[in-house]
Amino acid sequence: MSIRQLIINPGSTSTKLAVYEDEKEIAGESVSHSPEELAACGGLYEQIPFRLKAIRRFIDKQNLSVSDFDDIMCRGGMVWGIGTGGYRVNDELVTALSHEEYASPHASDLGGILGKMLGDEAGVDAYIYDAVTGASLPKVAQITGFPEIVRRSSCHVLNMHAMAERFAQDQGVAYDSLRLIIAHMGGGVSLCAIENGQIVDSIGDDDGPFSPERSGFTQILPIVRLCYSGNYTYEEMKSMIRGNGGLKAYLGTSDAREIEKMIADGNKEAALLYRAQAYQISKGIGELSIVHKGKCDGVILTGGLAYSGMLTAMIEEYAGFIAPVYIYPGEHEMQALALGGLRIMTGKEESREFHLDDIRASGQMTFAAP
Ligand SMILES: Nc1ncnc2c1ncn2[C@@H]1O[C@H](COP(=O)(O)OP(=O)(O)OP(=O)(O)O)[C@@H](O)[C@H]1O
Ligand SMILES: CCCC(=O)O
């Protein structure tokens with residue numbers, strides 16, 4: 001009997017859904033949510049009923065019900081102090097996914113919450129897999145200049161692990177033997193260093209290069225001044241960091257294809273900004289080369305922006321001296337979730353149980369939001 005799984009991947013502007021039977025996708029849909037629809041919901045967690053409706057519509061369309069699934073696999077959120085792999089969604093994980101002290105607000109936080117709500121109706125377990133914050137940073141990588149702030153990892157773990165494994169297969173070498181740097185370049189950009197099959201350091205979407213829709217990191221004092229200027233609320237600051245920052249803030253679009261058209265039409269500002277994006281991503285690669293002490297087997301460029309020959313050529317021009325650059329365009333998160341779920345369902349991998357005390361013990365809790 002095959003294993004049938006419902007896959008849920010909430011993003012900032014869409015909810016991606018799929019049904020898998022064993023390794024095969026038998027149905028898939030990316031339900032787009034317009035800015036107006038999302039704004040009408042209010043905050044992130046107020047989107048739950050709206051997204052739940054979209055998921056139910058998708059399940060109905062397949063003539064299935066929740067009880068027809070063996071499990072529900074959900075994109076993991078930005079819960080601090082969590083490891084990689086699969087976690088069964090229990091009540092403590094739902095609490096963590098719903099509170100800013102435990103998790104950074106991000107659309108992917110909704111995955112486990114939605115999965116558990118649906119699963120509970122029919123006694124089906126929901127899991128998150130390779131959560132955005134899952135990593136194994138050594139102590140030396142966790143120090144900041146602020147004793148009150150522990151440096152935490154956040155990156156596109158799901159797609160990065162999947163691409164690293166594909167790369168190892170393509171090269172015919174053991175994944176665990178590779179020292180890699182991966183840049184995931186989508187609406188948000190993040191990077192990681194992989195060693196022994198583990199993410200040992202990373203640069204998050206608010207921690208390094210700007211991206212099509214995110215501000216990335218810049219000098220701290222101007223940001224502090226902006227926060228206290230009285231011109232912006234906390235919510236507005238967050239939306240500049242994630243959603244309305246980066247290329248979108250300068251050029252009014254986060255679609256790199258439109259930006260390339262602007263460049264082709266002679267728009268010099270667009271050309272400068274696109275180069276600046278490549279430059280910053282390359283600097284991120286350079287920063288992570290230190291983690292490997294310069295001995296890196298490859299740099300992998302992935303995500304939607306890796307389809308852009310213009311961008312990848314510029315990155316290769318800056319960072320190609322570090323290691324050979326390999327391009328794996330697109331993201332393969334739905335398949336990675338399904339394969340992770342299949343390993344759990346077939347007993348090849350054990351899922352983990354989450355406890356709020358794990359976050360407390362990690363020292364990675366955050367201050368309460370204002
Ligand atoms: N063929 C292409 N050429 C150039 N850019 C492209 C191409 N296809 C997609 N992109 C760009 O990739 C970006 C979106 O990438 P992707 O779909 O991986 O992001 P996302 O899933 O929305 O966000 P994230 O990866 O941060 O979760 C957009 O800027 C889009 O314009
Ligand atoms: C690090 C951010 C991950 C994401 O946007 O999906």
Side-chain angles (χ1 to χ4, degrees), residues 9-16 30-33 35 38 44 74-80 82 84 103-111 128-135 152-163 182-192 199 201-217 238-239 241-243 245-264 270 273-274 277-278 281 284 300-315 327-334 336-337:
N9 183 351
S12 45
T13 60
S14 68
T15 304
K16 291 182 190 140
S30 176
V31 184
S32 298
H33 310 311
L38 293 180
L44 179 66
C74 316
R75 175 136 190 250
M78 294 190 76
V79 175
W80 304 118
I82 206 167
T84 49
S104 179
H106 188 267
S108 62
D109 294 331
L110 301 182
I128 60 167
Y129 199 88
D130 270 354
V132 174
T133 40
R152 303 172 293 199
S153 182
S154 75
C155 55
H156 294 77
V157 178
L158 192 57
N159 188 46
M160 287 165 160
H161 265 162
M163 291 307 98
I182 307 184
H184 174 104
M185 312 184 299
V189 169
S190 69
L191 298 100
C192 75
I199 292 177
D201 209 340
S202 67
I203 299 177
D205 63 337
D206 63 344
D207 194 14
F210 71 79
S211 74
E213 54 139 60
R214 301 187 199 170
S215 63
F217 185 66
K238 276 197 302 184
S239 94
I241 292 168
R242 210 172 261 157
L247 292 173
K248 188 173 171 187
Y250 285 99
L251 298 170
T253 177
S254 58
D255 187 334
R257 288 156 294 197
E258 274 181 42
I259 293 165
E260 292 193 5
K261 191 164 177 311
M262 289 178 191
I263 297 170
L273 288 162
Y274 213 44
Q277 188 177 258
I281 293 169
I300 295 176
L301 305 181
T302 182
L305 284 175
Y307 284 113
S308 164
M310 192 188 290
L311 191 80
T312 56
M314 286 191 280
I315 295 173
I327 297 168
Y328 283 74
E331 51 92 353
H332 307 266
E333 292 176 346
M334 303 302 275
L337 283 171

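Since this is a predicted model, take the numbers as computed values, not measurements. For ligands, and for the atoms within them, numbers begin at 1 and follow the listed sequence.
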Option from M160, K16, M163, M185 for which side chain to side chain contact (heavy atoms under 4.5 Å, CB included) with E331 holds
K16

In ligand 2, the atoms that come under 4.0 Å of a heavy atom of V132 are 1 (C), 3 (C)

Is T133 reaching over with its side chain to a backbone N or O of V79, donor-acceptor style, under 3.5 angstrom?
yes

Let me see the working for H161 and I182 under side chain to side chain contact (heavy atoms under 4.5 Å, CB included), right down to the final yes or no.
CA-CA 9 Å; H161 265 162; I182 307 184; over 6 Å; no

With only distance considered, is H106 within less than 3.5 Å of ligand 2 through an N or O on each side?
yes

Assess C155 for proximity to ligand 2: is some non-hydrogen atom of it under 4.0 Å away?
yes

Between ligand 1 and the protein, which N/O pairs fall short of 3.5 Å?
from, atom 1, to, atom 2, distance (Å)
ligand 1, 10 (N), G304, O, 3.4
ligand 1, 12 (O), L305, N, 3.3
ligand 1, 18 (O), G304, N, 2.9
ligand 1, 19 (O), G187, N, 3.1
ligand 1, 23 (O), G187, N, 3.2
ligand 1, 25 (O), H184, NE2, 2.8
ligand 1, 26 (O), H156, NE2, 3.1
ligand 1, 26 (O), G187, N, 3.4
ligand 1, 26 (O), G188, N, 2.8
ligand 1, 29 (O), S254, O, 2.7
ligand 1, 29 (O), A256, N, 3.3
ligand 1, 31 (O), D255, OD1, 2.8
ligand 1, 31 (O), A256, N, 2.8

Quick one: look up the protein heavy atom nearest atom 6 (O) of ligand 2 and list residue, atom name and how far away it is.
R75 NH2, 2.7 Å

Is a donor from one side chain sitting under 3.5 angstrom from an acceptor on the other, for H156 and S190?
yes

Which atom pair, heavy atoms only, marks the closest approach of L44 to A107?
CD1-CA, 3.8 Å

Ring pair (Phe, Tyr, Trp, His ring centres under 6.0 Å) partners of H106, counting only residues at least two apart
none

Heavy-atom proximity to atom 5 (O) of ligand 2 ranks first, among R214, R242, M78, for R214

Set out, in order, the CA-CA distance, both residues' side-chain angles and the distance that settles side chain to side chain contact (heavy atoms under 4.5 Å, CB included) for M78 and D109, then state yes or no.
CA-CA 6 Å; M78 294 190 76; D109 294 331; 4.0 Å; yes

Tell me whether T302 contacts the main-chain N or O of H184 through its side chain, where contact means a donor paired with an acceptor under 3.5 Å.
no

